[in-house]
Amino acid sequence: MATTNQFTNVIVGLVLVFGLSSVAVAQMPQPKPTNPSPWKFYPTDRPVGDGGPAPMRDLSGSWAGPSSGMAVPKGTNTMEPMGPPMTALGQQLFSMNKPMGKYSPGGTNDPHVRYCDPYGFPQNMTDENRGMTIMSTPTRTFLLLQYMDVWREIWTDGRALPTTVGGTGKDALDPKLNGYSVGHWEDDYTFVVDTTGLDDSTWTTKNGYPHSINAHLQERYHRDSKNDMTLTITMDDPKLYTKQFYLGEQHFRWIPNQQLDEYSCIPSQVQEYLKEMGDPAGSDPNAAPQRR
């Protein structure tokens, strides 16, 4: 998934256009070596078939996501989704965001592309999520995301979501990049996560859709088989949208040796690229859309 010292400066420059570091360059698929190292991720070391029935009420383990090189089925509507109709406030906030796909590195104000600021939830589940590890305790489930070494905390002890995030009272809670999350098993194979209290400085998607602090997001993790898992995400945010926002469907596959490589965004490298190439190139919002 990620390697170092395997690419020329030209390739590193192209990767930095996409807001990534050289450490984040995806490996080119190569045959699995005869004596594979247990410390290395091999994109061609893929699970065979579905592996049989899924274990009940268990998502634990390391999973490969889209663009991991492991032939994970492509998701739908996740990278640059079309949002539902917006309220006047939603349209105002949306118009202030300048995504890189339209404005290029020199013109975007995407805080992740410009400064490697954290995506925050939900974008960290849909953009660059090439791998993650899930682990559980009796009262919490943790999602350890490969990109940017981020972890999410999901409480499963029966508590309700907080209702005082962003308020002014003595018991008010501060918004968080990943919000406040609770989870429960809907059935033996579907884990449902509800989240609110998001830091509203982050973007919902890489094409600039905003969200409010009080947005309510729901993730549904379905263990399709031993080797396959599907995630769907929806958002209800009546302050900004007149209908539910369907953020798409992602697929994940079991990693046989359970190894994930480093994959990150290095601020100093991004700033060097922007100074030497990105900013001098300027911005043309009428040019053909770029992809990252």
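Residue M96 is not grouped with residue Y115 when hydrophobic side chains (ILVMFWY) are merged at heavy-atom distances under 4.5 angstrom, including chains of intermediate members. Cluster annotation: M235 is not connected to V165 through the hydrophobic network of ILVMFWY side chains, with a link wherever side-chain heavy atoms come within less than 4.5 Å. One hydrophobic cluster, built from ILVMFWY side chains closer than 4.5 Å, holds both M86 and L198. Hydrophobic clustering, with ILVMFWY side chains joined whenever heavy atoms are under 4.5 angstrom apart, keeps L177 apart from L145.
For the pair T108 (side chain) and P105 (backbone), a donor-acceptor distance under 3.5 Å is absent. Although no hydrogens or angles enter the test, the distance criterion places no donor-acceptor pair under 3.5 Å between the side chain of H112 and the main chain of P118. Under the 3.5 Å distance criterion, the side-chain polar atoms of N207 are left unmatched by any main-chain donor or acceptor of P99. Judged by distance alone, with hydrogens and angles left aside, the side-chain atoms of T202 form a donor-acceptor pair with the main-chain N or O of D199 at under 3.5 Å. Looking only at distances, a side-chain donor or acceptor of Y42 sits under 3.5 Å from a matching main-chain atom of S37. Side-chain atoms of S225 never come within 3.5 Å of backbone atoms of A54 as a donor-acceptor pair (strictly under, hydrogens ignored). Proximity of a side-chain donor or acceptor of Q250 to a complementary backbone N or O of T126 within less than 3.5 Å is detected. In this structure, the side chain of S104 engages the main chain of G282 through a donor-acceptor pair within 3.5 Å. With N257 contributing its side chain and K40 its backbone, the two residues share a donor-acceptor pair below 3.5 Å. Formation of a donor-acceptor pair under 3.5 Å by the Q218 side chain with backbone atoms of V192 is not found in this model.
What you find for P238 and T87 is that their closest heavy atoms are O-CG2, 3.6 Å. Nearest heavy-atom pair, K206 versus W203, reported as atom, atom and distance to 0.1 Å: O-CZ3, 3.8 Å. What you find for L231 and F252 is that their closest heavy atoms are CB-CE1, 4.1 Å. Scanning all heavy atoms of the two residues, the minimum distance from M125 to I233 falls at CB-CD1, 4.0 Å. The two residues Q258 and G61 make their nearest non-hydrogen contact at OE1-CA, 3.2 Å. Nearest approach of G208 to N97, heavy atoms of both residues: O-ND2, 2.7 Å.
Residue Y241 holds its OH atom at 10.0 Å from CG of L89, rounded to the nearest 0.5 Å. Rounding to the nearest 0.5 Å places CG of N129 at 11.5 Å from OH of Y147. For the atom pair CD1 of I154 and CZ of F142, the computed distance is 9.5 Å after rounding to the nearest 0.5 Å. Atom-to-atom distance recorded for S201:OG and D117:CG is 8.0 Å, nearest 0.5 angstrom. In this structure, CG on D194 lies 9.0 Å from CG on L217, to the nearest 0.5 angstrom. For the atom pair CG (D224) and OG1 (T190), the distance works out to 9.0 Å, reported to the nearest 0.5 Å.
Applying the side-chain contact (heavy atoms from CB on, under 4.5 Å) test to T133 and every residue at least two apart in sequence or in another chain returns S62, L144, L260. Scored by the side-chain contact (heavy atoms from CB on, under 4.5 Å) test, T168 finds no partners at all (sequence neighbours excluded). In this view, D171 satisfies the side chain to side chain donor-acceptor pair (under 3.5 Å) rule with no residue, not counting sequence neighbours. Under the side-chain contact (heavy atoms from CB on, under 4.5 Å) criterion, H251 pairs with V72, P73, T230, E249, sequence neighbours left out. Scanning for side-chain contact (heavy atoms from CB on, under 4.5 Å) contacts around P47 gives M70, N227, R253, P256, with sequence neighbours left out. Contacts of T234 classified as side chain to side chain donor-acceptor pair (under 3.5 Å), with partners at least two apart in sequence or in another chain: none. Take E153 and apply the salt bridge (Lys or Arg N to Asp or Glu O under 4.0 Å) test, not counting sequence neighbours, and it matches R140. Considering only residues two or more places apart in sequence or on other chains, T141 meets the side chain to side chain donor-acceptor pair (under 3.5 Å) condition with S136.
By the 4.5 Å heavy-atom criterion applied to side chains, Q259 and P38 are not counted as neighbours. Within the 4.5 Å cutoff, side-chain heavy atoms of E219 are placed close to those of R152. Side chains of D200 and P175 form no contact here, defined as non-hydrogen atoms less than 4.5 Å apart.
Sorted by first then second residue, the salt bridge (Lys or Arg N to Asp or Glu O under 4.0 Å) pairs that include residues 231-247, not counting sequence neighbours, number zero. Contacts classified as side chain to side chain donor-acceptor pair (under 3.5 Å) and involving residues 175-184 (residues at least two apart or in different chains) are given here: N124-N178, S181-T195. Residue pairs meeting the salt bridge (Lys or Arg N to Asp or Glu O under 4.0 Å) criterion with at least one partner in residues 53-77, sequence neighbours excluded, are R57-D188.
The pair D279-R114 meets the salt-bridge criterion, with a side-chain N (NZ, NE, NH1 or NH2) lying under 4.0 Å from an Asp/Glu carboxylate O.
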Could you give me the CA-CA distance, side-chain angles and deciding distance for W185 and L59, then say whether side-chain contact (heavy atoms from CB on, under 4.5 Å) is met?
-> CA-CA 11 Å; W185 286 96; L59 302 177; 3.8 Å; yes
Would Y221 and L143 count as a side-chain contact (heavy atoms from CB on, under 4.5 Å) if you check the C-alpha gap in whole Å, the side-chain angles of each, and the deciding distance to 0.1 Å?
-> CA-CA 12 Å; Y221 294 83; L143 272 60; 3.1 Å; yes
For side-chain contact (heavy atoms from CB on, under 4.5 Å), just list the numbers for F191 and T156, CA-CA rounded to whole Å, side-chain angles, deciding distance to a tenth of an Å, and then say yes or no.
-> CA-CA 10 Å; F191 185 63; T156 55; 3.8 Å; yes
Can you check side-chain contact (heavy atoms from CB on, under 4.5 Å) on S264 and D149, steps first, answer last?
-> CA-CA 7 Å; S264 194; D149 290 327; 5.7 Å; no
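Ring-plane geometry between W63 and W254 is classed as perpendicular, the angle between the planes exceeding 60 degrees on a 0 to 90 degree scale with a lower cut at 30.
Taking Ile, Leu, Val, Met, Phe, Trp and Tyr as members and joining any whose side-chain heavy atoms lie under 4.5 Å apart, directly or through other members, the hydrophobic cluster of M56 also contains Y189.
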